[in-house]
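Below, read A as the first sequence line, B as the second, and so on, with proteins coming before strands; counting in each chain starts at 1. In this text, all values refer to a predicted model and were calculated from it rather than measured experimentally.
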Amino acid sequence: KVFEILKRYSPLVEPMSLDEAFVDLTGCERLHGPVLKSAEKIRNEILEALGLNASIGIASNKLLAKIASAYCKPNGMLWIAPGMEQRFLAPLPIQRIPGIGPKGGAELRRMGIKSVGDLARLPLELLEEAYGKWGVSLYSKARGISDSPVIGEVEDPRSISRETTLEMDSADPLFLESTLSYLTEKAAGQLRENKLFARTVTLKLRYSDFKTVTRSKTLEMPTAEDHTLFKIGAGLLRKLFTRRVRVRLIGIAFTSLTATPYRQEGLFDSKGGQCWDDLYQGIDRIRHKYGFRSILRARSNQRDAN
DNA sequence: TCTGGGGTCCTAGGACCC
DNA sequence: TCTGGGGTCCTAGGACCC
């Protein structure tokens with residue numbers, strides 16, 4: 001695995017996604033030589049061990065490293081030397097800045113801001129006035145400033161969700177409910193895998209005309225039980241599914257995640273919860289052994305008949 | 001990107017409490 | 001009884017990222 005290789009060069013490796021990571025090489029020169037040499041070695045090792053071409057950006061912070069690696073993608077290496085940051089950034093189109101997407105880019109161009117250099121000429125007050133927090137963040141980013149540290153350990157997720165685009169758009173409440181049941185089992189299983197409990201359930205529908213709507217509900221007590229979460233989700237579905245337009249996507253998301261099943265300030269024991277805990281632990285064990293679909297709620301299976 | 005899935009963060013209005 | 005302002009939570013939607 002790529003991360004194994006990276007960990008040999010620095011204990012501080014922050015996975016960004018399945019195929020991207022930040023590596024903090026601060027103070028590793030003594031061990032592995034100059035940073036550029038290390039990067040070169042990392043690239044070669046990845047190529048030899050896995051046959052994959054990696055792109056590497058080297059810079060004094062995560063923002064610049066990310067821009068650099070995106071710039072030399074695919075299969076390149078770019079070092080932004082200290083002191084060269086502004087000069088490197090200035091000619092780049094604004095969309096090279098992480099956080100400026102199609103909408104934001106179009107808006108800025110409408111104002112005559114095309115390059116990062118253009119952006120860097122604007123005073124902080126003006127950017128904040130016009131764009132709020134986003135504007136403030138643009139002010140720093142245009143200057144290559146970022147103090148976001150490389151995080152070693154992976155933090156708990158802020159949300160867990162499952163969604164699916166249906167093979168055929170459907171207006172059949174039973175089918176939708178069944179699909180929702182399946183997605184709930186999937187997401188709730190992941191919740192328990194992470195030893196987390198959810199307090200807010202959000203249902204999402206996308207209609208065949210692509211209009212997308214969500215409805216959410218926050219519970220008194222966080223939970224990771226399929227049946228409790230599904231009851232909430234199904235209730236939201238009934239509330240939400242009022243248009244006569246067919247549905248093309250359905251999804252469920254859990255947020256306000258906590259590591260404890262009860263609220264911090266409440267000391268009540270969740271009475272009767274033990275047998276449910278046992279049930280779901282059993283289900284999770286079976287799935288671990290035989291696969292997720294080896295055991296499903298009857299509700300989740302009705303969709304196959306459709 | 002005529003449009004998949006799993007995430008993060010932000011905004012804005014309303015409810016509610018003090 | 002009416003008025004005011006601040007803080008926090010909940011909800012809905014949207015931009016963006018990989």
Would you mind telling me which of C:dA12, B:dG7, C:dC18 lies closest to the side-chain atoms of A:S216?
-> C:dA12
Please work out if A:L18 contacts a base, only the sugar-phosphate, or nothing of the nucleic acid, heavy-atom cut-off 4.0 Å.
-> nothing
Short side-chain donor-acceptor distance under 3.5 Å, A:R43 and A:N75 | yes
Is the ring of A:F210 stacked on the base of B:dT3, with centres less than 5.5 Å apart and planes under 30° off?
-> yes
A:T218 side chain, from C-beta outward: closest of C:dT11, C:dC16, C:dG13 | C:dT11
Looking across every strand, which nucleic acid part, if any, lies under 4.0 Å from A:R248 by heavy atom: base, sugar-phosphate, or nothing?
-> sugar-phosphate
If you look at every strand shown and take non-hydrogen atoms under 4.0 Å, does A:E107 touch a base, only sugar-phosphate, or nothing?
-> nothing
What does C:dG13 pair with, Watson-Crick or G-U, if both distances are under 3.5 Å?
-> B:dC10
Quick one: do A:L240 and A:F254 end up in the same hydrophobic cluster if we chain Ile, Leu, Val, Met, Phe, Trp and Tyr together by side-chain heavy atoms under 4.5 Å apart?
-> yes
May I ask you to decide whether A:E185 forms a salt bridge with A:R162, counting only side-chain N to carboxylate O separations under 4.0 Å?
-> no
How close or far is atom P of B:dC9 from atom NZ of A:K133, stated in whole angstroms?
-> 11 Å
Please work out which of the three classes, parallel, tilted or perpendicular, describes the rings of A:Y207 and A:F241, given edges at 30° and 60°.
-> parallel
Nearest to side-chain heavy atoms of A:K103, which nucleotide of C:dA15, C:dC9, B:dG7 | C:dA15
Respond yes when some side-chain nitrogen or oxygen of A:K66 is under 4.0 Å from OP1 or OP2 of C:dC18, and no when none is.
-> yes
